[in-house]
Visitor: 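Questions regarding the structure given below will be posed in turn.
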Amino acid sequence: MNYAGRYPAARPRRLRQAEWVRRLVREHRLSTDDLIWAMVVHDGTEDEIPIAAMPGVARLSVKAAAKAAKQAASLGIPAIAVFPHINATKKDAAGKEALNPNGLVCTAVRAMKDAAPEIGLVVDVALDPFTDHGHDGLLKDGRILNDETVKVLTEQALIQVKAGADIVAPSDMMDGRVGLIRTTLDQNGCHDALIMSYAAKYASGFYGPYREAIGSAKLGGGSVENPGDKRTYQMDFGNTDEALREVALDIAEGADMLLIKPGLPYLDIVRRVKDAFALPTFAFQVSGEYAMIKAGGANGWIDEERVMIESLTAFRRAGADGVVTYFAPKVAEVLGGA
Ligand code: PBG
């Protein structure tokens, strides 16, 4: 009997016996280079307004966001994704405030670029922070209007790029928006603006705390004005082939980078997409994932810091090039900064 390659000759535990050898043979590791810091900004003067459902995350004033951009630079975090909490008085059914070149998003982008020009700025393209009904698109008779919404999103993206956004990230899941955004940016001389498409975004319960973070409607309604959740445009969580189709379409329309969302429960999608298309592929560790880790940690049920690093490394293992996460500054500190 030849024992070579089998127990007792083979003992995989030899490779785990000490930290030096574990480090040596480790296949995937998390680096500060992989982080996009998810940051919420508000249009008031208070520096920080805590978000109850997301302990440790606060809505930042424009001034505080500029300071945070500098902090990101000194921590070695490459990019920040900005999400706005708009004052309720500025919201309407059409989300018109999304097109205000002097609105919160553009003002924050300018201030952050000013403070830390070396940081990449990612801005969401979608209407939900600006609509009083909380949907990502225009609503008529209880239906989301695709093509009309795409026109508005295209304008929104152009305004954001003109304010200094480096990456526009359509998160709305309307059909055809990447193509129209790309064409419009190019026609306006913005060839260098990148598009990170939320290519496969699922209708998910994990976005819960984000509603509080940006102060958007709960979508519980089910009335004509408020038809409930986002399942007519975000993907059904039972599907994976559909994700590949969504991604293929967005690439054909000009997406430079892809985003899969939510994160941890969708690692299979990250893997399939990365294997099939080999484009820069990111995952979004969304608000609910953040909240669960914080809650478990606060109760002493899990070691928060350990689970934070473990879950983020899992994204790398699944093939993600990087992760959008509210934990970014904490992670950068744990990993030792730049
Ligand atoms: C909106 C948008 C959402 C998130 C990012 N952009 C919410 C949604 O689609 O309902 C979620 C972020 C998070 O939960 O952390 N287009």
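Order of listing sets the numbers, starting from 1, for every ligand and every atom in it. Computation of the quantities below employed the complete heavy-atom set of this structure, encompassing side-chain atoms and omitting hydrogens, waters and symmetry-equivalent molecules.
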Visitor: Got an N/O contact under 3.5 Å between Y326 and ligand 1?
Guide: yes
Visitor: Select the closest option to atom 9 (O) of ligand 1 among M173, M54, K201, judged by heavy-atom distance.
Guide: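 Nearest heavy atom to atom 9 (O) of ligand 1 lies in K201.
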Visitor: Is it true that D172 lies under 4.0 Å from ligand 1, counting heavy atoms only?
Guide: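 Contact absent.
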Visitor: Side chain, backbone, both or neither: which applies to F284 and ligand 1 if a contact is any heavy-atom pair less than 4.0 Å apart?
Guide: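 F284 to ligand 1: side-chain contact only, backbone stays beyond 4.0 Å.
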Visitor: Can you tell me the protein heavy atom closest to atom 10 (O) of ligand 1 and the distance?
Guide: K230 NZ, 2.8 Å
Visitor: Nearest protein heavy-atom contact for atom 14 (O) of ligand 1: which residue, which atom, what distance?
Guide: S287 OG, 2.7 Å
Visitor: Could you tell me whether D124 approaches ligand 1 through its side chain, its backbone, both or neither, with non-hydrogen atoms closer than 4.0 Å?
Guide: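 The side chain, only.
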Visitor: Examine the proximity of ligand 1 to V286 and report which part, side chain or backbone, both or neither, has a heavy atom under 4.0 Å away.
Guide: both
Visitor: Less than 4.5 Å apart, any side-chain heavy atom of L99 and any of Q156?
Guide: yes
Visitor: Considering non-hydrogen atoms of the protein only, which is the closest contact for atom 12 (C) of ligand 1, and what is the distance?
Guide: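 I find the closest protein heavy atom is Y210 CD1, 3.3 Å.
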Visitor: Can Q234 be said to touch ligand 1, with heavy atoms closer than 4.0 Å?
Guide: yes
Visitor: Please check whether D128 reaches ligand 1 - meaning an N/O of the residue sits under 3.5 Å from an N/O of the ligand, judged on distance alone.
Guide: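 Between D128 and ligand 1, an N or O pair is found under 3.5 Å apart.
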